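To keep things clear, I will list the structure first and then write my remarks on it.
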Amino acid sequence: MVEIAVLLPTPAYSRLSGPLSYSHSQALQAGQLVRVPLGQRHSLGLVWHPPTTPAPQAMALKPIEQVLEGIPALSAQWLQLVDFAAHYYQRSLGEFALACLPPQLRDLSNEQLARKLKKRSKINGLQAPNGGLSEPVLTPEQAQVLARMASESGPFVLHGNTGSGKTEVYLRRAAQVLAADPQAQVLMLVPEINLTPQLEQRVRQRFAHLGEAAIVTLHSGMTPAQRLDHWLSAHTGQARLLLGTRMAVLASLPHLKLIVVDEEHDPSYKQQEGARYSARDLAVYRGQLDGAQVILGSATPSLESWHHSRAAVVGEPAPRYQRLSMPSRVGDAALPQLRRVDMNHQPRKTLVSAPLLAAMRERLARREQVLVLLNRRGYAPVLHCAACGWKSECPHCSAYRVFHKSDRTLRCHHCSLTQAVPRACPGCGNQDIGSFGHGTERLEEHLAELLVDLQRADGSPLRIARIDADTTRLKGELVRQLAEVHDGDVDVLVGTQMVAKGHDFRRVTLVAALNPDGALFSSDFRAPERLFALLMQAAGRAGRDAALSSHSACEMWVQTFHPTHPLFETLKQHDFAAFAAQQLEERRQAGLPPFSFQALVRAEARSQEAAQAFLNAAAAAGQTWLGELELAVTLYPAVPMSMQRVANVERAQMLIESQSRPALQHFLAAWQADLQHLRTSHKAVMRWAIDVDPLAI
Ligand code: ADP
Ligand code: ZN
Ligand code: ZN
C-alpha cells in the first residue's frame with residue numbers, strides 16, 4: 001500500500017482543506033484524477049505531490065476507489081498554475097483546483113468517459129483542403145508587429161486602434177505557431193463569445209484545414225456535456241486552438257504555445273464571485289510557466305498593462321511587457337470625429353439634443369446606420385408621486401425599482417423583485433404618478449416619434465431596434481438581433497454598453513452616447529478609464545466601412561454637461577497615450593494602482609453594524625501582528641459598500657493597501673486565520689470574501 005495525497009473540493013474554512021491522504025496499491029502520478037470516499041459521500045480528487053515513502057499509519061487510510069483511466073494526468077505546469085492562483089487569490093487549493101475541471105467529470109463512470117474520448121477521436125478526419133487561403137495582404141503595421149512577435153518573446157501589449165487589424169494579427173501569429181509545431185496549442189481569450197459570433201466564424205474559416213475537431217470553445221453558456229467534451233479535447237491535445245472566455249485560462253492545454261487576450265482591458269476578465277481571479281493576469285503568469293507567448297491586445301489597454309509596457313529607462317528595472325502599436329485603420333477608413341453637445345445650453349430634461357437629432361436624420365436619409373447608447377435599461381429609473389413624495393424604492397435593496405413599460409412592471413435590477421405598476425400612488429392614492437429619467441425603452445419610443453417621418457429605401461417605416469439585457473434574455477436572441485443589425489435590417493440601434501463591444505456593424509457611421517457624465521466624477525477611480533474605453537470602443541463601431549466613410553466622415557457624438565473635460569479632449573484627439581499619461585500621473589500622486597496593490601474584504605450580514613464589526617475586529621487582530629512582521633500594509637476602516645443593501649442583506653467592505661505586492665500577499669495569507677477564527681464568534685455574519693486586485697471599489 002502506498003500513501004497518496006489527494007486534493008478535494010473542500011473550502012478554506014473546512015478542517016479538511018489541505019490534501020488528504022488515501023491508500024492505493026501502487027504509486028500514482030501527480031495530476032491524476034481519482035475518486036475517493038469523503039465522509040458519507042464520494043468525491044472527485046486530484047493527486048497532489050504524492051509522498052514517496054509509505055506513511056507509518058498507511059494501513060488506517062481509506063483506499064482510493066477508482067483512478068480515472070484514459071485521462072492523462074494534468075501537467076506539472078497546470079498544477080503549478082492552480083497552486084499559484086489559489087494562493088494568490090486566497091482560496092483553498094483543493095476547492096480552486098477542482099473548480100477548474102468540468103463538473104461532469106464527477107459524475108461519469110470510466111466507461112462513459114472512455115466512450116466520450118473515443119467518439120471525439122473519430123471526428124478529426126474532416127479536414128477542409130482549402131482552409132487558410134483567404135488571408136489578406138498584411139498592412140505595414142501588421143507586418144512590423146508580427147516580425148517583432150516572431151523575434152522577441154514578449155509578453156506583448158498590442159495597442160491597436162479599433163479597425164487596425166488586431167484580430168488579423170492574432171490569427172496570423174496563431175497560424176505561425178501552429179505551423180511551427182504539429183502539437184502546439186493556442187489559447188484565445190475573449191471577453192464574451194456571444195457578443196462576437198463573427199470572431200468564432202473567422203477563426204473556424206482560417207483554420208479549417210486543421211479539421212473541425214481542432215477548434216473548440218469554452219465558456220459558461222455551454223451545456224455540461226459540451227464543456228466536458230471540449231475540455232477533454234484540449235486536455236488530450238486534440239484541440240489545437242481553444243477560443244474561450246475567462247474560465248478558459250484555466251483549461252488544461254499540455255502543449256500551449258501562444259495566449260492571446262483580446263480586449264485585455266475588459267472588466268469581464270475578472271471573475272466577480274467565488275475565486276476572484278483575473279484571467280488576464282493569470283494568462284501572463286501561465287505564459288511564463290508554459291513557455292507560451294502572450295499577447296494582450298486592446299485599443300485602450302488597462303492602465304496596468306500600459307504602465308508595465310512603458311518605454312525602458314536606463315537605470316530603472318526593465319518594464320515587464322513590450323508595447324507594439326498599430327495606430328492606423330486598415331484601408332483608408334478614417335477614425336470617427338468626436339462631436340460634443342454642451343447640455344448646459346439645451347432645454348432642461350432633453351434626451352436627444354437638436355443638433356444630434358439633425359445629424360442622425362442626415363445619416364438616416366443617406367441609408368446609413370446609427371447607434372445610440374444609453375446605459376440604463378427599462379423605461380424610467382424611478383417612479384415618483386409629486387403629491388406625497390413617494391418613490392419606487394425597492395423594499396429589500398438600497399435602490400429604486402425601475403419602471404418597465406413593455407409589461408408594466410416595477411423591477412429591482414438588484415434582487416429581481418418584480419411587481420405590477422400600481423394604478424395609484426401607494427403612499428397617498430394620487431392617480432398621477434410621474435417618472436424621473438430615461439431608460440433604453442423610453443429612448444426607443446422617443447426616437448420612433450422623432451423619426452416617424454423618415455422611411456427606408458423601399459418606402460417602409462424606419463426600423464428602430466433595442467438591444468439590452470431585457471431584449472436578450474432568451475437564449476439565442478442576442479445573436480439573432482445582432483445579425484439583423486449586421487445585415488442592415490435595422491436603421492437605428494438603441495442599446496446599453498452591451499452593443500458597444502467588438503461588433504462589426506459596417507454601415508454604422510454615427511454613434512452617440514447620450515449621458516456619459518456619471519463616470520467623470522465617480523468615487524471609483526477606475527470609472528474614467530472605463531468610460532474612455534467604452535467611448536473609444538463605441539466610436540470604433542463607426543466607419544469600419546472605408547467606402548462609406550470616405551464620402552462623409554463618421555462621427556461619435558457625446559452629450560455632456562462638461563464638454564471641456566480632459567477626458568473628452570484626449571478622446572477627440574484619439575490620443576489614448578495622453579489620456580493614460582494623465583490618469584497614471586493622478587494615480588501615482590494618489591498612490592493608487594498600478595503604483596500600489598489592493599485587496600478588499602467584504603462581509604455580508606443582516607445588519608450593517610454586524611458586517612462592519614466583523615471587519616473591524618479582523619483588522620484589529622491583523623494590526624497586532626502586522627507590526628511584528630514589519631509589513632508595510634495599510635488597513636482602512638470598514639465602510640458600507642456603495643450598493644449597501646441587496647435582498648435585505650447589508651454589505652460592508654474594507655480596503656487593504658500596500659506599496660509591495662509580496663507584503664500584501666504575505667499579510668493576506670496570514671490574516672485568513674484571523675478572519676476564519678472571528679467568523680465563529682461573529683455569528684451574524686453570513687458571508688465574507690477576499691478580492692485581490694479588485695476592479696471596483
Ligand atoms: P481590430 O480587431 O483591430 O478592430 P480587425 O482585425 O477586425 O480589427 O480588422 C478590421 C477589418 O479590417 C476587418 O474587417 C478585417 O477583415 C479587415 N482587415 C484586417 N487586416 C486586413 C488586411 N491586412 N487587409 C485587408 N483587410 C484587413
Ligand atoms: Zn403619493
Ligand atoms: Zn431589490
Side-chain angles (χ1 to χ4, degrees), residues 134-146 158-174 188 190-191 196 198-203 205-206 260-264 295 297-301 324-333 335 383-402 409-419 422-434 486 500-507 536-549 643-651:
S134 56
E135 292 189 346
V137 177
L138 293 174
T139 66
E141 286 175 3
Q142 286 172 328
Q144 202 173 18
V145 157
L146 280 161
L158 175 57
H159 176 225
N161 251 318
T162 50
S164 63
K166 291 186 292 299
T167 312
E168 185 60 37
V169 169
Y170 307 150
L171 295 177
R172 219 48 95 84
R173 185 65 193 139
M188 264 178 106
V190 291
T196 48
Q198 295 149 32
L199 177 64
E200 188 180 340
Q201 255 174 34
R202 233 167 123 183
V203 171
Q205 277 166 6
R206 187 61 64 86
V260 172
V261 185
D262 188 25
E263 308 291 359
E264 68 90 33
I295 305 173
S298 176
T300 51
L324 306 174
S325 298
M326 298 204 300
S328 321
R329 279 188 144 183
V330 173
D332 278 326
L335 281 165
L383 288 191
H384 78 109
C385 166
C388 76
W390 172 85
K391 286 192 183 130
S392 56
E393 264 155 358
C394 175
H396 309 308
C397 306
S398 39
Y400 293 108
R401 283 173 298 162
V402 175
T409 55
L410 277 182
R411 274 189 238 161
C412 174
H413 289 180
H414 300 278
C415 72
S416 308
L417 176 71
T418 302
Q419 287 172 333
R423 285 179 192 286
C425 168
C428 70
N430 173 14
Q431 300 268 330
D432 189 21
I433 305 182
H486 196 242
K501 302 208 174 168
H503 316 293
D504 201 343
F505 298 143
R506 302 215 68 100
R507 297 187 61 83
M536 268 300 246
Q537 208 164 20
R541 299 309 101 217
R544 292 172 82 87
D545 196 325
L548 269 179
S549 57
M643 262 305 294
Q644 179 177 338
R645 190 166 52 103
V646 171
N648 286 325
V649 174
E650 287 284 338
R651 301 149 23 120

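All values derive from a computational prediction rather than experimental measurement. All ligand and atom numbering here is 1-based and tracks the order in the structure. Hydrogens, waters and symmetry mates play no part in the numbers below; they use all other heavy atoms, side chains included.
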Flag Val330 as yes when one of its N or O atoms lies below 3.5 Å from any N or O atom of ligand 1, and as no otherwise.
no

Taking the non-hydrogen atoms of Arg202, is any one of them nearer than 4.0 angstrom to ligand 1?
yes

Between SG of Cys394 and SG of Cys415, what angle is found at the Zn ion (ligand 3), rounded to 10 degrees?
110°

Within a strict 4.5 Å, meaning less than it, do heavy atoms of the Ser298 and Lys166 side chains meet?
no

Judged by non-hydrogen atoms, does Asp262 sit under 4.0 Å from ligand 1?
no

To 10 degrees, how wide is the angle SG (Cys425) to the Zn ion (ligand 2) to SG (Cys388)?
100°

Pick, from Leu158, Leu199, Val137, Leu138, the option with the minimum heavy-atom distance to atom 22 (C) of ligand 1.
Val137

For atom 3 (O) of ligand 1, tell me which residue out of Lys166, Met326, Gln142 has the closest non-hydrogen atom.
Lys166

Relative to ligand 1, is Asn161 under 4.0 angstrom through side chain, backbone, both or neither, heavy atoms considered?
backbone

Does Cys412 bring an N, O or S atom to within less than 2.8 Å of the Zn ion (ligand 3)?
yes

Taking both backbone and side chain into account, is any N, O or S atom of His396 nearer than 2.8 Å to the Zn ion (ligand 3)?
no

Is it true that Gly160 lies under 4.0 Å from ligand 1, counting heavy atoms only?
no

What do you reckon, does Gly165 have a nitrogen or oxygen under 3.5 Å from a nitrogen or oxygen of ligand 1?
yes

